[in-house]
Protein chains: 2
Amino acid sequence: MSRETPARGRRPKRGRTRQALMDAALDLVARKAPFSSLSLREVTKRAGVVPTAFYRHFPDMSALGLTLLDESFRTLRQMMREVRQQELPNERMIRGSMETFFTYVRNNRTHFLFVSKELYGGSATMRQAIRREIRLFVSELAMDMARFPFLVQVSAEDLQMMASLVVNSVVALTQEMLELDEDDEAGQREMLILAEKQVRLIYFGVAQWRSETGAPA
Amino acid sequence: MSRETPARGRRPKRGRTRQALMDAALDLVARKAPFSSLSLREVTKRAGVVPTAFYRHFPDMSALGLTLLDESFRTLRQMMREVRQQELPNERMIRGSMETFFTYVRNNRTHFLFVSKELYGGSATMRQAIRREIRLFVSELAMDMARFPFLVQVSAEDLQMMASLVVNSVVALTQEMLELDEDDEAGQREMLILAEKQVRLIYFGVAQWRSETGAPA
DNA sequence: AATATTTGTGAACACGTGTTGACTGAAAAT
DNA sequence: ATTTTCAGTCAACACGTGTTCACAAATATT
């Protein structure tokens, strides 16, 4: 072809390197160790690139990590927002949100393996960034719940508490699901059923919630 | 023979190195990085000991890790069992279990910082070991709940599901609590109140639970 | 067509890593 | 009192690490 200078085979990398580095990192995370204990050289080697090429795209490893984190949540946020804007009433929206969330996680398995391992094992700034994303989901869910007719006079604080209970549970089950083999279809389905049951259970409790005294109806 | 040899009892009078290694590891975890990304030399340096001394006590780092893990849960299991054996009825036992758990975590902060970071970021065997401990709590809680009068005819599967919801929530809040500063008394109290509220909320839901169809009363 | 700017290469550095082996003093066992 | 076992040190190794610098090829700009 037109573009082949022999010498020592070193051509087809042009431009693709940045993405190759990100892919390599996720690949290593999925099969080896958490991102925070990956080495720069390890990543470049998997990407088929010389170590120094890394610096052309990221100042250091933690910058790569934050980019990966952003990539993990950017389109998820958008999808969840679309679900919310359908203005489905009450529990239907919850159900819809959960389904889109789980299928998204499933289609981006390596990304969330990365996130799961960094949530508590990563650097301070990484942990903070992830928890900020999670808190965002909690707040949005709380806003949705505020429109539930039977929750209309529950304090904002209690709404936040309920929403965080739901989100924490979903996160925990997501992490458990990620521990399963990728092709364990049965296990994954089981996990999703479990998640739905748990959220339903929580909503039974929510429906019974009255005042801040915590006394049931 | 011997004037003071108590059968096969205590040997290490001067050998305090083993404990020093464990303390050093926990210290580093609390202030730096997850255990899984600590180096052997780092630990021995902090312990004030030469690197090769490590091998007199542990074959490798992962052995140290498993020892630390056992130390974290051994006495906790015992305490929780004692609470259970008081045979307190219904919700009182739950409340008691939660209180002893949280105060125990608080008194062993570094141990559970270690556990928290390894739960999803550690090696495969480490993760498995921790999740086994957690599942144990779930099973015991499910057994306790089975004796609740209003849950007497709930399927074992659903009991497991409810118990795992409670435990997962407590674990999540514990991890969040561990992210706070050690001397943030207010934050810690707040966290505990939040935890109690969430568990109470779940129990409202549990009380409403009927059949596997999931239809409320 | 000539020049400038990206983008990847290769060699080199100073250092931290796990693990080995031989050695030593102190305690335990005889 | 003598021997054996334990628990620590010290030196050395082969290797992986992050980062630097000068250089060359591919692309963009003129």
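So you know, we letter chains A, B, ... as the sequences are listed, proteins then strands, and number each from 1. Please read these numbers as outputs of a predicted model, since none were measured by experiment.
The CG atom of B/L38 sits 10 Å away from the P atom of C/dT17 (whole-angstrom rounding). As a whole-Å value, the separation of A/F58 CZ from D/dT19 P is 14 Å. Nucleotide D/dA25 holds its C1' atom 12 Å from the CZ atom of A/R56, rounded to whole Å. Between the CZ atom of B/R16 and the C1' atom of C/dA27 there is a distance of 16 Å, given to the nearest Å. Regarding A/F54, its CZ atom lies at a distance of 19 Å from the P atom of D/dG16, rounded to whole Å. In this entry the distance linking CG of B/L21 with P of C/dG18 reads 13 Å, nearest Å. Regarding A/K32, its NZ atom lies at a distance of 12 Å from the C1' atom of D/dG16, rounded to whole Å. Counting to the nearest Å, the C1' atom of C/dT9 and the CZ atom of A/R41 are 13 Å from each other.
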Less than 3.5 Å apart, which donor and acceptor atoms pair up between the side chains of residues 113-122 of chain B and the rest of the protein, not counting sequence neighbours?
| from | atom 1 | to | atom 2 | distance (Å) |
| --- | --- | --- | --- | --- |
| B/S116 | OG | B/Q175 | NE2 | 3.1 |
| B/K117 | NZ | B/V29 | O | 3.3 |
| B/E118 | OE1 | B/S36 | OG | 3.4 |
| B/E118 | OE2 | B/F35 | N | 3.3 |
| B/E118 | OE2 | B/S36 | N | 3.2 |
| B/E118 | OE2 | B/S36 | OG | 3.1 |

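The side chain of B/E42 lies closest to C/dT17, out of C/dT17, D/dT19, C/dT9. Residue B/Y55 places its side chain closer to C/dT20 than to any other of C/dT20, C/dG10, D/dT19. Closest contact between the side chain of B/L40 and the listed nucleotides C/dG8, C/dG18, D/dT19 involves C/dG18.
More than 12 heavy atoms of other residues, nucleotides or ligands shown are found within 6.0 angstrom of CZ on A/R127.
Within the structure, every side-chain polar atom (N or O) of B/H57 is placed at least 4.0 Å from both OP1 and OP2 of D/dC6. Close to C/dT7, at under 4.0 Å from its OP1 or OP2, lies no side-chain N or O of A/T17. The side chain of A/S39 contributes an N or O atom lying less than 4.0 Å from OP1 or OP2 of D/dT17.
For A/P51 and B/R18, each mapped to the nucleotide of DNA chain D holding its nearest heavy atom, the one lying further toward the 5' end belongs to B/R18.
Remark: the A/T52 side chain and the D/dC21 base include no donor-acceptor N/O pair separated by less than 3.5 Å.
Using a 4.5 Å heavy-atom threshold, the side chains of A/Y203 and A/V166 count as touching.
In this structure, A/F101 and A/F137 have perpendicular ring planes: the angle between them is above 60°, well past the 30° mark.
A salt bridge does not link A/D23 to A/R46: none of the charged side-chain nitrogens sits closer than 4.0 Å to a carboxylate oxygen.
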